[in-house]
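Below is one structure, written out as structure tokens, with a few remarks after it.
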Amino acid sequence: MTTVTMADVDLALRRQPLMREFTPAQFEELMHAAEMVEFEPGEVIHREGDECAQLFLVVRGHVALELAGRNEVLRVETVGPGEEFGWTAMLMGVGRYFQARALDGVQALAFDAAALRQMCEDDPSFGYALMSRLLAVVAGRLQATRLQIVDMHWTPAKRAGA
């Protein structure tokens with residue numbers, strides 16, 4: 001396990017596209033709500049239904065977001081550097097909607113969701129910027145899931161419009 005300093009968190013956070021939307025004061029608060037975490041290839045980060053207390057921002061590597069069925073796992077989306085996963089942590093009392101699995105060595109910033117929710121309460125402009133970004137993530141996941149279902153269940157003739 002590598003030792004990560006606040007300077008490492010600061011540098012990783014500054015490189016993330018999401019951070020461009022926040023003021024320096026908001027950035028400072030975000031930095032204190034984050035910790036660097038690492039996952040090994042193949043490691044399940046969380047399963048569907050798990051309690052969730054962290055929102056993740058990928059720094060390095062790739063994470064598969066999956067729906068686990070009885071006999072198979074369906075990959076809905078793959079997220080990489082600069083992308084978020086674990087948005088359900090922002091909804092109190094809701095379990096994870098997807099399983100997240102590291103495809104390779106993953107380094108991510110893990111944000112304490114309770115601290116983020118409090119920041120949203122304390123600073124509505126921060127809350128609006130964060131929730132707008134997360135709503136876009138949710139909409140993208142919904143579309144990816146929809147396309148997976150269409151691809152699996154429609155015959156080629158129906159997909160071609162016949």
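Just the heavy atoms: all of them, side chains too, but no hydrogens, waters or symmetry mates, feed the values below. Numbers here simply count residues along the sequence, with the first being 1.
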The side chain to side chain contact (heavy atoms under 4.5 Å, CB included) partners of A136 (sequence neighbours excluded) come to none
Between the CG atom in L65 and the OH atom in Y97, the distance rounded to the nearest 0.5 Å is 14.5 Å
Taken in chain and number order and not counting sequence neighbours, the residues that satisfy salt bridge (charged side-chain N to carboxylate O under 4.0 Å, His left out) with R133 are E84
Can you give the donor-acceptor pairs under 3.5 Å from side chains of residues 48-55 to other protein atoms, not counting sequence neighbours?
unit_1: E48; atom_1: OE2; unit_2: A68; atom_2: N; d: 2.6
unit_1: D50; atom_1: OD2; unit_2: R47; atom_2: N; d: 2.8
unit_1: Q54; atom_1: NE2; unit_2: E35; atom_2: OE2; d: 3.4

Supply the atom-to-atom distance L116 CG to E121 CD, rounded to the nearest 0.5 angstrom.
-> 12.5 Å
Looking at the rings of F27 and F22, which for Trp means the six-membered one, are their centres under 6.0 Å apart?
-> no
Roughly how far apart are H32 NE2 and E29 CD, rounded to 0.5 Å?
-> 9.0 Å
Output yes when a side-chain donor or acceptor of Q118 lies under 3.5 Å from a complementary backbone atom of A115, and no otherwise.
-> no
Minimum-distance pair of heavy atoms, taken over all atoms of D104 and G61 | OD1-CA, 3.2 Å
Side chain to side chain contact (heavy atoms under 4.5 Å, CB included) partners for A113, two or more places apart | A89, M90, R117
Begin with the C-alpha distance, continue with both residues' side-chain angles, and end with the deciding distance and a verdict on side-chain contact (heavy atoms from CB on, under 4.5 Å) for V63 and L103.
-> CA-CA 5 Å; V63 175; L103 295 175; over 6 Å; no
In a table with atom names and distances, give each donor-acceptor pair under 3.5 Å that connects a side chain of residues 72-82 to protein atoms at least two apart or in another chain.
unit_1: R75; atom_1: NH1; unit_2: T78; atom_2: OG1; d: 3.4
unit_1: E77; atom_1: OE1; unit_2: R141; atom_2: NE; d: 2.8

Taking all non-hydrogen atoms of both residues into account, name the closest pair between H46 and F56 and its distance.
-> CD2-CE1, 4.3 Å
pair L130-C120: side-chain heavy atoms closer than 4.5 Å | yes
Output for pair (L57 CG, F85 CZ), nearest 0.5 Å, gives 9.5 Å
Find the distance between CG (L135) and OH (Y128) and round it off to the nearest 0.5 Å.
-> 9.5 Å
Mind checking salt bridge (charged side-chain N to carboxylate O under 4.0 Å, His left out) for R101 and listing every partner two or more places apart, or none if nothing turns up?
-> E66
Closest non-hydrogen atom pair, F126 against Q26 = CB-NE2, 3.3 Å
All heavy atoms of A102 vs all of F39, minimum pair found to be CB-CB, 4.0 Å
Gap separating the CG atom of D122 from the CE atom of M119, nearest 0.5 angstrom = 8.5 Å
Decide whether V44 and L67 are clustered together by the hydrophobic rule: side chain heavy atoms of Ile, Leu, Val, Met, Phe, Trp, Tyr closer than 4.5 Å, transitively.
-> no
